[in-house]
Amino acid sequence: KEYTEKFMYICDYVNLHCTENISLEMAADLAGFSKFHFTRLFKQFTGVSYYKYLNQRRIAMAENYLIDPSISITEAAIRSGFSSLSAFIRMFRIIKDCTPSEFRKMHDNV
């Protein structure tokens, strides 16, 4: 219970700043834990690793960009906080089980 507020704060922080480079070390510092202790507690709290949580937030943001046909896939990747298009496509496929292009096509007529 004593950690709930800390991890709610960290999750809120990541949700608001997911496009920035928030390293595991930085998140652990914000929470006031060593990175090893933070890693264990974060997974207990969220059910996923810190980086998976961060990437899920980035992909959720990218989905909103991909629905807009005026934003290129590369631009969606950059705006969502990914350092490269290949990293974005790889992570998008892992999380959404399709490529960004396939996702865009599925949402063309919405």
- Query: Who else is in Leu16's hydrophobic cluster (ILVMFWY, side-chain heavy atoms under 4.5 Å, direct or via others)?
  - Reply: none
- Task: Would you give the length of the straight line joining atom CD1 of Ile67 to atom CE of Met106, rounded to the nearest 0.5 angstrom?
- Result: 10.5 Å
- Message: So, taking the atom named OG in Ser80 and the one named CG in Leu66, what distance separates them when rounded to the nearest 0.5 Å?
- Response: 7.0 Å
- Shared ILVMFWY cluster between Leu24 and Leu41, side chains joined below 4.5 angstrom? yes
- Where do Glu102 and Thr99 come nearest, in terms of heavy atoms and distance? OE1-N, 2.8 Å
- Message: Are Tyr53 and Phe33 linked, directly or through intermediate hydrophobic residues, by side-chain heavy-atom contacts shorter than 4.5 Å (ILVMFWY only)?
- Response: yes
- Task: State, yes or no, whether a side-chain contact exists between Ser83 and Phe88 at a heavy-atom distance under 4.5 Å.
- Result: no
- Task: Kindly indicate whether the side chain of Phe38, heavy atoms from C-beta on, has any atom under 4.5 Å from the side chain of Ile10.
- Result: yes
- What pairs meet the salt bridge (Lys or Arg N to Asp or Glu O under 4.0 Å) rule with one or both residues in residues 69-83, with sequence neighbours excluded? Glu75-Arg79
- Task: Quick one: pull up CG in Asp12 and NE2 in His17 and give me the separation to the nearest 0.5 Å.
- Result: 10.0 Å
- Answer yes if Val48 and Met61 sit in the same cluster of Ile, Leu, Val, Met, Phe, Trp and Tyr residues linked by side chain heavy atoms under 4.5 Å apart, and no otherwise. no
- Indicate if Ile71 and Phe82 have the same hydrophobic cluster label, given that clusters are the connected sets of ILVMFWY residues with side-chain heavy-atom separations under 4.5 angstrom. no
- Query: What pairs with Ser34 under side chain to side chain donor-acceptor pair (under 3.5 Å), at least two apart in sequence or on another chain?
  - Reply: none
- Query: Which pairs count as side chain to side chain donor-acceptor pair (under 3.5 Å) when at least one residue sits in residues 64-74, sequence neighbours excluded?
  - Reply: Asp68-Ser70
- Task: Using a 4.5 Å cut-off on heavy atoms from C-beta on, say whether the side chain of Leu30 contacts that of Tyr9.
- Result: yes
- Below 4.5 Å, heavy atoms only, C-beta onward: do Ile73 and Ser101 meet side chain to side chain? yes
Run the side-chain donor-acceptor check on residues 90-97: report pairs under 3.5 Å with partners two or more places apart or on a different chain.
unit_1 : atom_1 : unit_2 : atom_2 : d
Lys96  : NZ     : Glu63  : OE1    : 3.3

- Message: For the CE atom on Met8, are there more than 12 heavy atoms of other groups (residues, nucleotides or ligands in this structure) within a distance under 6.0 Å?
- Response: no
- Could you name each residue pair satisfying side chain to side chain donor-acceptor pair (under 3.5 Å) that touches residues 38-52, not counting sequence neighbours? His37-Arg40
- Applying ring pair (Phe, Tyr, Trp, His ring centres under 6.0 Å), name anything that partners Phe45, two or more places apart in sequence or on another chain. Phe7
- side chain to side chain donor-acceptor pair (under 3.5 Å) against Ser86, all qualifying residues, sequence neighbours excluded: Ser84
- Note on the structure: So the salt bridge (Lys or Arg N to Asp or Glu O under 4.0 Å) pairs with at least one residue in residues 23-36 (sequence neighbours excluded) are Glu25-Lys35
